[in-house]
Amino acid sequence: RWCRPARFLVVKASHDGVRLTTLDDHDEPGPDVTVHLIQDGDAIQVQVSAGTEQQVGEVATSEMSVLHGAGISLSVDAASAQLRIETATHTLPLTMRWLREGDGCLAAVEFVGPLAHNESLVGFGERFDAFDQRGRAPDIVVWEQYKNQGNRTYLPVPFFCSSRGYGCLIEGTAQVWYDLGRTIPDRWRCLIEAGCDNRVVLDLFAGTPLEILRTFTALTGRPELPPTWAFGPWMSSNEWNTQARVECEVARTLKYGIPATALVIEAWSDETTFYIWNGAQYTPHPGDWHPRLADFNFPADGPWPDPKGMIDRLHEAGIRLLLWQIPALKAIDEPHAQHDADIKHALENGFVIRNDDGTPYRNPAFWFNRALIPDFTNAAATNWWLAKRAYLLDELGVDGFKTDGGEHLQGRDIQAADGRCGHELVNAYPNLYVSAYYRFARARRGEALTFSRAGHTGAGAFPAHWAGDENSTWEAFRRSITAGLSAAMSGIIFWGWDLAGFSDDLPSAELYLRAAAMAAFCPIMQYHSEYTPSGAPSKDRTPWRVQEYTGDERVISLYRFFARVRMNLLPYIRREAAYAAAHGEPLLRPLLLDDPDDPRVWRVDDQYRFGRDLLVAPVLDEGVEHLQLYLPAGRW
């Protein structure tokens with residue numbers, strides 16, 4: 001049943017915190033509420049946990065001052081059973097109630113706060129539907145919504161920043177439900193499921209959006225500075241499934257004078273193990289095998305006759321290589337000796353996610369259906385999985401991984417080796433997966449990088465991220481920029497997207513070039529395209545393919561122009577990227593970060609700053625030749 005606090009008992013108080021016990025209308029003790037300062041006094045943490053044995057305490061006076069931090073303080077109003085957050089400009093009363101199970105356990109806690117007229121709420125992870133989420137109920141569960149994301153996202157974060165000068169983070173990965181004035185227009189509600197530790201933790205921040213974001217990223221994790229090559233133009237296509245095709249596309253970009261500093265190969269592996277090159281000859285080994293390059297023979301007539309030579313030539317041309325990865329032990333019907341041995345070893349050693357009944361969990365979704373999922377909470381499983389890929393970094397010189405997926409977990413009846421279960425595990429999994437790859441690659445190649453789609457709170461500590469799958473439409477172009485701005489307000493420092501989309505019909509020349517212009521002023525500039533069935537017209541998003549498809553002779557020359565602009569900007573981008581990583585600020589900056597007192601910029605979702613010195617206003621509509629943009633106050 002739902003219970004509300006009628007009054008508080010002060011159990012213990014100190015200069016930096018206080019512990020309260022709640023009493024409901026029936027004078028029954030409820031959960032303990034502990035509040036204290038964190039981040040050197042820049043934030044206040046409110047922790048609600050299952051009540052221990054009732055301790056004797058003093059009834060809180062009608063209003064008592066509890067905590068004083070840097071620009072934020074908290075007081076207890078016993079008469080209304082409220083916690084009052086005071087900032088330099090506003091007072092934020094918070095009411096709470098809790099859901100008690102029949103056995104007395106704490107099931108969930110709900111906080112309710114006021115919404116002022118014209119107040120805006122931004123953040124909540126990578127949101128595709130709107131930058132200002134006021135009036136919405138964003139879904140906060142990691143989910144693979146293939147294209148047309150709407151209210152669901154690969155990268156939800158239970159954090160928001162208000163135009164009234166405060167921010168709020170729900171710690172952990174348990175499920176969170178928001179209602180941001182959708183049901184009751186003048187208040188926001190946040191329902192938080194108690195985690196496996198039987199508690200709920202809410203952090204409150206105060207100050208400008210920039211100050212709040214700095215404190216938030218200091219708490220949840222900031223990235224290392226990516227290598228310089230990460231900020232040049234990238235090349236990618238799922239069609240490039242042979243060495244000859246890759247080298248052909250690289251030769252074309254060099255022929256046309258188009259610079260590139262990174263290349264992603266998705267279709268490189270045998271599409272089963274995801275660590276063995278397609279066509280490689282080898283002797284199958286037991287499942288604990290850690291391959292070396294010498295274990296493989298690459299036939300001259302195979303799809304990848306000389307991966308090492310190919311990678312060396314890419315490096316000589318100034319191009320770094322990332323290989324595609326997926327966290328799955330794929331379910332296949334035909335025999336595959338090495339994959340079968342790997343699965344046997346993983347099952348025997350408990351290296352996969354399991355159901356509550358102890359049986360191995362199998363992915364129920366359409367993508368990699370029935371796959372087993374490696375358990376990255378298990379150190380032995382993580383080491384086993386990554387050691388199979390060590391030769392790619394150590395001997396071949398691969399520069400990182402496109403860590404795709406991470407959204408394969410669904411449901412409540414799942415468990416990991418460390419005891420995490422349900423939605424806590426669903427939301428935690430992509431960060432566990434990506435962070436394992438990132439640390440592994442950086443340890444072996446200091447300038448390695450991961451490029452990831454899914455995540456949760458703290459994902460920005462493992463650069464970089466991209467916005468996932470989208471069609472080549474103007475609408476998807478606009479949604480992707482909204483996603484980038486929202487991600488920026490959620491701790492994602494280095495972000496990009498598949499310029500002009502990656503799927504379905506190829507973009508028009510106009511859409512492709514407008515998207516290339518925007519991507520030239522985006523943290524990651526890359527084109528990518530989906531797989532094309534054999535015999536079907538190519539869906540490559542290379543400038544030469546788009547020019548051939550559209551018949552517009554401007555495509556190659558204008559794409560080359562923007563790619564060269566990008567290269568000329570590298571010293572600026574490198575400087576701003578170093579600043580962003582050090583201070584926990586996004587490289588793609590929503591206007592509200594630098595002009596928070598201007599109410600209009602809280603709703604501007606089609607302009608941004610790239611670094612601190614450049615204002616970017618992309619053209620987002622077909623046929624537009626004149627654009628009216630908004631200049632914030634100051635000299636431009």
Side-chain angles (χ1 to χ4, degrees), residues 231-240 245-246 248-264 317-319 466-467 470-481 484 496-530 532 536-570 572-573 606-608 610 614-629:
F231 299 114
W234 293 32
M235 306 171 62
S236 179
S237 170
N238 204 359
E239 277 186 29
W240 302 348
R245 181 65 185 276
V246 167
C248 174
E249 301 302 337
V250 171
R252 282 181 176 176
T253 202
L254 296 176
K255 168 189 170 184
Y256 289 121
I258 298 174
T261 60
L263 183 144
V264 179
I319 300 173
W466 94 98
E470 283 289 2
N471 287 325
S472 292
T473 65
W474 290 94
E475 180 186 5
F477 183 9
R478 288 188 291 272
R479 281 201 308 262
S480 295
I481 294 179
W497 62 301
D498 299 336
L499 71 85
F502 101 121
S503 181
D504 252 359
D505 294 337
L506 270 70
S508 66
E510 182 185 3
L511 172 57
Y512 187 78
L513 292 171
R514 292 299 194 194
M518 178 270 169
F521 301 93
C522 179
I524 303 294
M525 178 185 186
Q526 65 115 23
Y527 60 74
H528 176 55
S529 54
E530 66 183 342
T532 305
S538 171
K539 291 189 175 182
D540 263 9
R541 265 65 172 174
T542 59
W544 42 93
R545 173 59 185 138
V546 175
Q547 177 163 306
E548 176 190 36
Y549 171 76
T550 63
D552 191 323
E553 297 296 327
R554 302 172 303 164
V555 174
I556 291 176
S557 61
L558 284 176
Y559 183 87
R560 176 172 57 233
F561 169 78
F562 287 118
R564 288 179 174 179
V565 167
R566 177 70 173 206
M567 294 300 292
N568 291 339
L569 280 172
L570 279 184
Y572 168 78
I573 296 172
D606 58 357
Q607 294 179 211
Y608 58 88
F610 184 44
L614 295 178
L615 180 68
V616 183
V619 177
L620 303 176
D621 294 292
E622 187 174 9
V624 169
E625 295 184 356
H626 299 85
L627 183 70
Q628 186 174 46
L629 66 150

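From Glu470, atom CD reaches atom CD of Glu475 across 8.5 Å, with rounding to the nearest 0.5 Å. The CD atom of Glu249 sits 6.0 Å away from atom CE of Met235, with the distance rounded to the nearest 0.5 Å. In this structure, CZ on Phe231 lies 13.0 Å from CE on Met567, to the nearest 0.5 angstrom. To the nearest 0.5 angstrom, Asp505 atom CG is 7.0 Å from Lys539 atom NZ. Here CZ of Arg252 is found 9.0 Å from CD1 of Ile556. Values are rounded to the nearest 0.5 Å. Taking CG of Leu506 as the reference point, atom OG1 of Thr550 lies at 9.0 Å (rounded to 0.5 Å).
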| query | For Leu499 and Tyr512, what are the C-alpha separation, side-chain angles and deciding distance, and is it a side-chain contact (heavy atoms from CB on, under 4.5 Å)? | reply | CA-CA 7 Å; Leu499 71 85; Tyr512 187 78; 3.8 Å; yes
| request: Please step through side-chain contact (heavy atoms from CB on, under 4.5 Å) for the pair Trp466 and Ile524, ending with a clear verdict. | output: CA-CA 8 Å; Trp466 94 98; Ile524 303 294; over 6 Å; no
| Run the side-chain hydrogen bond (donor to acceptor under 3.5 Å, both in side chains) check on Ser472 and Arg541 step by step: do they pass? | CA-CA 10 Å; Ser472 292; Arg541 265 65 172 174; 2.8 Å; yes
| query | Hey, mind stepping through Gln526 and Asp498 against side-chain hydrogen bond (donor to acceptor under 3.5 Å, both in side chains) and telling me if it holds? | reply | CA-CA 6 Å; Gln526 65 115 23; Asp498 299 336; 2.4 Å; yes
| field | Derivation and outcome, side-chain contact (heavy atoms from CB on, under 4.5 Å), residues Ile481 and Met518 | value | CA-CA 9 Å; Ile481 294 179; Met518 178 270 169; 4.0 Å; yes
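Looking at heavy atoms from C-beta onward, Asp552 lies out of side-chain contact with Leu513 at the 4.5 angstrom threshold. In this structure, Ser557 and Tyr256 have side chains that are not in contact, with every pair of non-hydrogen atoms separated by 4.5 Å or more. Inter-residue side-chain proximity for Val565 and Phe521 is flagged as met; some heavy-atom pair is nearer than 4.5 Å. Side-chain contact check for Leu263 versus Trp240: some heavy-atom pair is nearer than 4.5 Å.
Side chain of Glu530 to main chain of Asp504: a donor-acceptor pair is present (N/O by atom type, distance under 3.5 Å, no hydrogens or angles). For Thr253 (side chain) and Val250 (main-chain N/O), no donor-acceptor pair under 3.5 Å exists by modelled atom type. Arg554 contributes no side-chain N or O that, together with a main-chain N or O of Ala509, makes up a donor-acceptor pair within less than 3.5 Å. With hydrogens and angles disregarded, a donor-acceptor distance shorter than 3.5 Å links the side chain of Arg566 to the backbone of Cys522. Remark: the backbone N or O of Gly623 is paired with a side-chain donor or acceptor of Glu510 at under 3.5 angstrom.
Salt bridge Asp540/Arg245: present, at least one basic N to carboxylate O contact under 4.0 Å. Ion pairing between a basic and an acidic side chain is recognised when a charged N comes within 4.0 Å of a carboxylate O; Arg514 and Asp621 show no such pairing. Glu548 and Arg545 are joined by a salt bridge, as a carboxylate oxygen and a charged side-chain nitrogen come within less than 4.0 angstrom of each other.
Nearest approach of Leu511 to Ser508, heavy atoms of both residues: N-OG, 3.1 Å. Across every non-hydrogen atom of Pro618 and Asp606, the tightest pair is CD-O, 3.2 Å.
With no hydrogens or angles considered, a side-chain donor-acceptor pair links Ser538 and Glu239 at under 3.5 Å. Residues Ser237 and Ser529 bring a donor and an acceptor atom of their side chains to less than 3.5 Å of each other.
Using cut-offs of 30° and 60° on the angle between ring planes, the pair Tyr527 and Tyr559 is perpendicular.
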